[in-house]
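Data first, discussion second: the structure below is written as structure tokens.
Remember, predicted model here, so these are calculated numbers, not experimental data. First listed ligand is number 1; within each ligand, the first listed atom is number 1.
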Amino acid sequence: MIFASTKNKEIKMSYGEAIFQGLAEDGSLFHPVEKIDLKDLYYSFSSKDSFLKMASLITANLLKAEISTEEAFLICERAFTFEPKLKQLDEMFSVLELFHGPSAAFKDFGASFLASSMESFLKNRSSKAVILTATSGDTGSAVARAFYEKENIDVVILYPSNRVSPLQEKQLTTLGKNIHALEVLGSFDDCQRLVKEAFTDQALRKNYHLTSANSINVGRLIPQSFYYIWAWVHEREKRNNGELYFCVPSGNFGNLTAGLLANRWGMDLGGFIIATNRNKVVPEYLQTGEYHPRKSVQTPSNAMDVGAPSNFERMIQLYENHSAMKENLSAYFFDDETTLSEIKKYKEKYQYTICPHTAVGCLAAEAMLKETSTKAKVITLSTAHPGKFLEIVKEATEEEVDLPECLKVLINKEKFSVKMKPTLDDLRKKLKMIFQ
Ligand SMILES: *Cc1c(COP(=O)(O)O)cnc(C)c1O
């Protein structure tokens, strides 16, 4: 599979190179350049096929120029020890639960696949790698879990101080060993900027064999397309009329972009619904045609608090122009209060507890269905287990939330992080300290 920089088609790389490179050398993101057609494969799947089987066959197909079918199956087998689940709420709504992995969030799919791919590609090189990643909460914990105790790979996580939930922080800061947490006195945008700056600093990058693992890495992006297909296969068999839509709670837009790729490669669909919180630069763009990235604001769906979504440059690549994008995508944003009351509403209406991110998605799904006259079915991606956001969910529902097992064990563990200023200079010092 060949990827090129979104800004310069001459800068090209294979999958095996691009996963270690992270960003292209011109500072932009890698994006698939070949015309890929998986339609026949997608249509050959039935709901009797496991998620692992679908993922393995898609991987083998996408990476056939680089690895054997056996290797592709191995990568998926190591990565996907968990599955998505579809929960039908009523005739028009389903929720795609993506939180049954080791960190109870959808980012487990991408992180596990990336870690497993890196393991395969590193096997024959006696080289080390340092994963440098910025997180607004969930990326970091998924990455930490996916890479924990992997040989020849260290992970350095930058997260914004006081902007992740206490439990998310524990997920980042209690593993130890090859997982190092840096607590940045700034916002998620600062963390993301620092990662970008570090990657464009050639000396720093070479010195530490820096590589990325956040949503910009194609090794995270590609596998996120698999669960769209899995859900689409299940839904396609059930439905006899009406168009199918996916609704995606979005922050950095990696999850949505993966869905757009699946769509491009042959998954027929009515379209996508974008759901954001008050960080609404993409809904604004769709409405006005003008893109104004800005500082993020804090909301209860904090993993979506992104003011300058990286994947926007990929989204732009996928459409000829603004109106083509508008045909495929509709977008909605919601304020904090509405989000909290949606959590309560779902609890009362369906006896089903959702996390604040998923709540933003459910709101958008309802808003879209209200506007459309055609018969439609919406699958909303449920991006995290509600127990990851105990305080917020409790505030909304006035009831206790059950924690998933993987989080329960963290409560009594001790946090270990190193605080740092949001500057490249301080990042340099901290890396030296960790790896001296
Ligand atoms: C990361 C995350 C999102 C946003 O996903 P993007 O790919 O960044 O758009 C939504 N919900 C949760 C729980 C997340 O962790």
Discussion item. Nearest 0.5 Å, please: how far is CG in L221 from CD1 in I19?
Written reply: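 Between I19 CD1 and L221 CG, I get 13.0 Å after rounding to 0.5 Å.
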So for ligand 1, is [X] a polar contact partner (N or O within less than 3.5 Å, distance only)?
| X | result |
| --- | --- |
| F389 | no |
| F106 | no |
| N252 | yes |
| L256 | no |
| T383 | yes |

Give the atoms of ligand 1, by number and element, whose distance to some non-hydrogen atom of [X] is under 4.0 Å.
| X | answer |
| --- | --- |
| A384 | 13 (C) |
| N255 | 7 (O) |
| M304 | 3 (C), 4 (C), 10 (C) |
| G254 | 6 (P), 7 (O), 9 (O) |
| S250 | 9 (O) |

Salt bridge flag under 4.0 Å for residues [X] and [Y]:
| X | Y | result |
| --- | --- | --- |
| K344 | E395 | no |
| K370 | E366 | no |
| K408 | E405 | yes |

Discussion item. Less than 3.5 Å apart, any donor N or O on the side chain of Y208 or D154 sitting next to an acceptor on the other?
Written reply: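 Side-chain D/A pair, Y208 to D154: absent.
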Item to complete: Would you kindly say whether Y332 and E371 are connected by a side-chain donor-acceptor distance under 3.5 Å?
Response: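 Yes, a side-chain donor-acceptor pair sits under 3.5 Å.
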Worksheet item: Going through the distances and angles, do K394 and E399 end up as a salt bridge (charged side-chain N to carboxylate O under 4.0 Å, His left out)?
Response: CA-CA 5 Å; K394 205 159 114 183; E399 280 175 55; over 6 Å; no
Item to complete: Check whether more than 12 heavy atoms from other residues, nucleotides or ligands sit under 6.0 Å from atom NZ of K53, and answer yes or no.
Response: no
Worksheet, complete the sentence: Short version for K107: what comes under 4.0 Å of ligand 1, heavy atoms counted, is side chain
